[in-house]
Amino acid sequence: MADTSIILEAATAEKGLQEMLQGAASALRALNRPLDLHIVVYDAKEADALASKGLLLQANKCGASVTIHEAKERVPDKVESPVKVYRSFPGNPINTACRIARDVGGVFISPGNTGLVMTAALFEMGRIHGVERPPIATPWPTAKKMLFSLDSGANVDLRPLHLHQFAHIGKVYVERVFSRPNPAIGLLSNGSEDYKGNALVREAFKLLSADRSLNFIGFIEGQNFFAGDIDVLVHDGFLGNILLKFAEGLASTVNKMLRDEIRASLFAALATSLFLRPALRRYKKRFDYTEFGGAPLLGVKGNVVICHGRSDANAIKNAIRWSVGMVDEDIAHGIEQELAEIGLVTNNGDGA
């Protein structure tokens with residue numbers, strides 16, 4: 001009997017359906033649990049044919065079930081307004097997968113357009129009571145441990161209360177899924193002194209400092225981001241999205257520069273091949289986003305994981321592996337309990 005539902009929206013993946021199915025098969029192999037796997041595609045016949053070559057065999061080995069769902073409409077090539085696409089193309093695969101997750105529970109995973117995934121989740125699942133701005137929590141490798149920063153782009157214009165909520169939302173996620181009791185929480189700013197930051201950050205600092213239920217350690221500056229001393233970093237989505245894309249670009253550039261320098265010298269290339277290759281392989285793995293797979297959208301009445309559009313099989317495998325923990329720990333209910341217990345709710349009511 002299946003224990004957890006995984007709803008994978010595979011239709012919009014840039015690397016194609018076969019890559020997504022390979023990732024799902026690898027996840028089943030790694031987890032070895034009787035999962036209830038739902039896959040949303042554009043062409044059910046193609047998916048059935050591809051699944052029979054590996055995914056279904058693996059599912060049989062671990063007692064998992066696989067159901068293929070065909071989306072009735074396509075996502076337009078260019079999504080200028082997620083809300084308009086959500087309403088104008090109700091049968092698109094992202095909407096379809098989100099509705100399945102709403103009805104059967106489990107976790108909804110998609111490498112599709114971030115704005116459309118968020119829109120579908122908000123309209124189909126609704127927000128947790130009291131949560132006005134559900135954030136995206138992005139995992140970051142650091143010198144010591146994985147850091148989770150939120151928000152990474154879901155919300156640009158915020159109030160201090162929202163950042164205060166983000167701290168508690170991140171706390172629940174890290175405590176429950178990664179077993180880190182009383183996680184250290186920081187607030188991103190341009191200095192460590194309590195008078196630094198803009199008006200939003202300074203007011204949020206006051207709220208977080210006064211909250212004795214949080215292990216708040218104060219402002220975190222950019223140069224300390226990767227030190228690994230905190231578990232959760234709070235900031236608005238404007239800064240978070242810039243930070244995310246800056247880091248992606250920097251990592252790509254550094255890797256290219258390193259390869260160019262190694263190739264420029266025969267001695268360097270030989271030394272790398274003989275002595276440094278294992279270390280470089282480990283270094284690359286630590287900074288490989290596919291090792292985590294995706295970023296959760298927290299604060300909605302369900303479990304949602306947003307993957308990179310270029311996700312490969314390894315990314316999908318790990319997105320499924322990590323997201324199972326969200327279901328096992330009932331993260332949405334945990335967040336709702338946390339905010340209710342400390343009275344940290346807005347007056348937005350429920351729904352989108």
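If you're wondering where the values come from, they're calculated on a predicted model, not measured in any experiment.
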Problem - Derivation of the side chain to side chain contact (heavy atoms under 4.5 Å, CB included) call for Ile39 and Leu55 - result: CA-CA 11 Å; Ile39 302 177; Leu55 176 59; 3.5 Å; yes

Any donor and acceptor pair, going by atom type alone, linking the side chain of [X] with main-chain N or O of [Y] inside 3.5 Å?
X: Asp151; Y: Ile136; result: yes
X: Ser209; Y: Lys206; result: no
X: Asn155; Y: Asp236; result: no
X: Glu14; Y: Ser311; result: no

Please tell me if the side chains of [X] and [Y] come closer than 4.5 Å, counting only heavy atoms from C-beta onward.
X: Leu116; Y: Val75; answer: yes
X: Val201; Y: Asn198; answer: yes
X: Val305; Y: Asn303; answer: no
X: Tyr173; Y: Met326; answer: yes
X: Asp231; Y: Asn215; answer: no
X: Ile306; Y: Met118; answer: yes

Exercise for the section: Run the numbers on Ile335 and Leu298 for side chain to side chain contact (heavy atoms under 4.5 Å, CB included), then give the verdict. Expected result: CA-CA 8 Å; Ile335 291 171; Leu298 302 172; 4.1 Å; yes

Of all the heavy-atom pairs spanning [X] and [Y], show the shortest one and how long it is.
X: Asn95; Y: Ala120; result: OD1-CB, 3.7 Å
X: Ser5; Y: Gly105; result: CB-O, 3.9 Å
X: Cys307; Y: Gly293; result: SG-O, 3.5 Å
X: Gly112; Y: Glu9; result: N-OE1, 3.9 Å
X: Tyr42; Y: Thr12; result: OH-CG2, 4.1 Å
X: Glu73; Y: Gly91; result: OE1-N, 2.7 Å

Handout entry: Gln165, Arg176, His333, Lys171 screened by side chain to side chain donor-acceptor pair (under 3.5 Å) with Glu338, the one that passes
Key =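 Single pass found, and it is Lys171.
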
Problem - Mutual orientation of the aromatic rings belonging to Phe216 and Phe205 [parallel < 30°, tilted 30-60°, perpendicular > 60°] - result: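 Because their plane-to-plane angle is over 60°, the rings of Phe216 and Phe205 count as perpendicular.
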
If you draw a 6.0 Å radius around [atom1] in [X], do more than 12 non-hydrogen atoms from other residues or ligands fall strictly inside?
X: Lys84; atom1: NZ; answer: no
X: Trp140; atom1: CH2; answer: yes
X: Glu80; atom1: CD; answer: no

Practice task
Decide yes or no on side chain to side chain contact (heavy atoms under 4.5 Å, CB included) for Asp229 and Asn224, but give the supporting numbers first.
Solution key: CA-CA 8 Å; Asp229 295 326; Asn224 297 321; over 6 Å; no

From [atom1] ([X]) to [atom2] ([Y]), nearest 0.5 Å:
X: Ser81; Y: Arg87; atom1: OG; atom2: CZ; result: 8.5 Å
X: Leu56; Y: Ser65; atom1: CG; atom2: OG; result: 10.5 Å
X: Arg133; Y: Leu161; atom1: CZ; atom2: CG; result: 10.5 Å
X: Ser52; Y: Asp48; atom1: OG; atom2: CG; result: 8.0 Å
X: Asp43; Y: Leu50; atom1: CG; atom2: CG; result: 9.0 Å
X: His38; Y: Leu8; atom1: NE2; atom2: CG; result: 11.5 Å

Handout entry: Presence of salt bridge, Arg99 and Glu124, under 4.0 angstrom
Key =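 Between Arg99 and Glu124 there is a salt bridge, with a charged N closer than 4.0 Å to a carboxylate O.
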
Is it true that [X] and [Y] fall in one hydrophobic cluster, defined by side-chain heavy atoms closer than 4.5 Å?
X: Phe219; Y: Leu207; value: no
X: Ile7; Y: Phe123; value: no
X: Val234; Y: Phe238; value: no
X: Val40; Y: Ile109; value: no
X: Ile6; Y: Ile100; value: no

Handout entry: Polar contact flag, side-chain donor to acceptor under 3.5 angstrom, His168-Asp211
Key =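 Side chains of His168 and Asp211: pair found under 3.5 Å.
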
Handout entry: Option among Ile128, Val232, Leu150, Val174 that satisfies the side-chain contact (heavy atoms from CB on, under 4.5 Å) test with Ile169
Key =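 The residue from Ile128, Val232, Leu150, Val174 that satisfies side-chain contact (heavy atoms from CB on, under 4.5 Å) with Ile169 turns out to be Leu150.
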
Problem - Chi angles and distances behind the side chain to side chain contact (heavy atoms under 4.5 Å, CB included) call for Thr96, Lys72 - result: CA-CA 9 Å; Thr96 302; Lys72 296 179 180 178; over 6 Å; no

